[in-house]
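Report on one structure; see the data block that follows.
This structure is a prediction, so every number in the text was calculated from the model and none was measured. The chains referred to below are lettered A, B, ... by the order of the sequence lines, with proteins before strands, and numbering in each begins at 1.
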2 protein chains.
Amino acid sequence: MRSDESDDRLNRAFLALADPVRRAMIARLSRGPATVNELAEPFSISKQAVSKHVQVLEAAGLITRSRDAQRRPCHLVPETLEALTAWIDAYRLTAERQFRRLDSVLDTLKETER
Amino acid sequence: MRSDESDDRLNRAFLALADPVRRAMIARLSRGPATVNELAEPFSISKQAVSKHVQVLEAAGLITRSRDAQRRPCHLVPETLEALTAWIDAYRLTAERQFRRLDSVLDTLKETER
DNA sequence: ATTGTAGTCAACTAAATGGTTGATAAAAGA
DNA sequence: TCTTTTATCAACCATTTAGTTGACTACAAT
């Protein structure tokens with residue numbers, strides 16, 4: 001199945017959010033930067049597993065990382081979150097417009113009936 | 001890894017959107033109901049594969065299905081899309097507030113410096 | 001009654017995902 | 001220099017995913 005570039009970005013971003021551990025990391029990072037160890041703290045999984053989750057989030061463009069001695073703090077990228085809501089909302093709004101249109105057709109039918 | 005019920009719903013919904021075929025189906029359905037065969041038309045995959053994608057979307061609560069003789073038309077459920085944007089926006093807005101707070105701290109520092 | 005249309009179920013395969021352990025790198029501090 | 005902290009790489013394993021083909025069900029139409 002063909003996939004253009006913007007498809008790939010959406011694939012990676014939505015897939016990244018399809019995991020409760022990574023969503024919890026997003027939630028944590030929304031309140032400020034954190035290191036891998038800090039992100040790992042609430043979970044009973046290995047540090048390596050956490051590191052992989054972080055890599056998934058980074059590849060999805062949902063986070064970036066900086067340097068602070070041997071630490072590599074993670075930061076949320078709100079623009080990427082915004083791109084996702086933009087995608088979803090485009091179709092949600094189209095659907096809602098469609099429903100309204102159907103409603104008015106039904107109303108017109110009722111009028112005619114009467 | 002533990003998952004409560006609302007976690008499961010988000011997992012399924014985000015996972016459902018992490019596939020270009022299923023996103024194209026959402027796009028199609030935003031313009032009105034369609035059958036499995038109609039949804040299959042733009043893709044070069046088997047009818048059975050399309051049927052599976054539809055089941056994924058239905059299990060995620062992103063679509064519902066009705067009956068029309070031997071047809072089972074699919075309909076988008078905009079409320080589920082809305083729940084996803086609500087989740088994303090909550091953390092996006094928190095992050096943006098956080099950034100603004102940091103900005104004002106930096107401004108204060110500059111003031112002091114001066 | 002037979003044929004055609006719409007869709008699903010079951011079994012299988014290939015690839016990707018999420019996890020593990022063990023070894024290693026890179027920087028800071030004793 | 002030796003040790004500790006922070007994080008990653010590599011190899012491996014179990015499960016899930018997306019696809020296939022073939023058999024099947026349900027309803028309509030001739």
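Between the side chain of A:Arg9 and the backbone N or O of A:Thr80, no donor-acceptor pair lies under 3.5 Å. At least one donor-acceptor pair under 3.5 Å links the side chain of B:Glu38 to the backbone N or O of B:Thr35. Side-chain atoms of B:Arg65 do not come within 3.5 Å of backbone N or O of B:Pro73 as any donor-acceptor pair.
Considering only side-chain N and O atoms, B:Ser51 lies nowhere under 4.0 angstrom from the phosphate OP1 or OP2 of C:dG7. The phosphate of C:dT20 (OP1 or OP2) has a side-chain N or O of A:Ser46 nearer than 4.0 angstrom. Contact check, B:Arg12 against D:dT17: no side-chain N or O comes under 4.0 Å of OP1 or OP2. Distances shown here put every side-chain N or O of A:Arg72 at or beyond 4.0 Å from the OP1 or OP2 atom of C:dA25. The shortest distance between the side-chain N/O atoms of A:Arg71 and the OP1/OP2 oxygens of D:dA7 is not below 4.0 Å.
Counting non-hydrogen atoms under 4.0 angstrom, B:Gln55 reaches the backbone sugars and phosphates but no base. Residue B:Arg22 is in sugar-phosphate contact alone, with no base atom involved, counting any heavy-atom pair closer than 4.0 Å across all strands shown.
Comparing A:Val56 and A:Arg67 along DNA chain C, the residue whose closest nucleotide (by nearest heavy atom) sits nearer the 5' end is A:Val56. If you find the closest nucleotide of DNA chain D to B:Ala69 and to B:Ala18, the one lying nearer the 5' end belongs to B:Ala18.
Electrostatic pairing of A:Arg100 and A:Glu96 does not count as a salt bridge here, judged by no charged N lying under 4.0 Å from a carboxylate O.
Counting only heavy atoms from C-beta outward, the side chains of A:Leu17 and A:Leu62 approach each other to under 4.5 Å.
Checking C:dG7, C:dC9, C:dA23 against every side-chain atom of B:Gln48, the shortest atom distance belongs to C:dC9. Closest to the side chain of B:His53, from the set D:dA18, C:dT8, C:dG4, is D:dA18. Among the nucleotides C:dG19, C:dT8, D:dT8, the one closest to the side chain of A:Ile45 is C:dG19. In this structure, the nucleotide among C:dG19, D:dT5, D:dG22 sitting nearest to the side chain of A:Gln70 is D:dT5. Among C:dT8, C:dG19, C:dA6, the nucleotide with an atom closest to any side-chain atom of A:Lys52 is C:dG19.
Rounded to a whole Å, the CZ atom of B:Phe14 is 18 Å from the C1' atom of C:dT17. For the pair A:Asp7 CG and D:dA18 P, the interatomic distance rounds to 14 Å; values are reported in whole Å. In this structure, A:Phe43 atom CZ and C:dG18 atom P are separated by 13 Å, rounded to whole Å. Between the CD atom of B:Glu41 and the C1' atom of C:dG7 there is a distance of 17 Å, given to the nearest Å. Taking atom CD1 on B:Ile63 and atom P on C:dG7, their separation rounds to 12 Å, with Å as the unit. Whole-Å rounding puts the A:Lys47 NZ to C:dT21 P distance at 12 Å. Straight-line distance from the CG atom of B:Asp68 to the P atom of D:dC27: 12 Å, rounded to whole Å.
B:Thr94 OG1 to A:Ile26 CD1: the interatomic distance, rounded to the nearest 0.5 Å, is 12.0 Å. Note that OH of B:Tyr91 is 9.5 Å distant from CZ of A:Arg23, once rounded to the nearest 0.5 Å.
Applying a 4.0 Å cut-off to non-hydrogen atoms, the residues of residues 32-39 of chain B that approach DNA chain C are B:Thr35, B:Val36, B:Asn37, listed by residue number.
In this model, no donor atom of one side chain and acceptor atom of the other lie less than 3.5 Å apart for A:Arg71 and A:Asn37.
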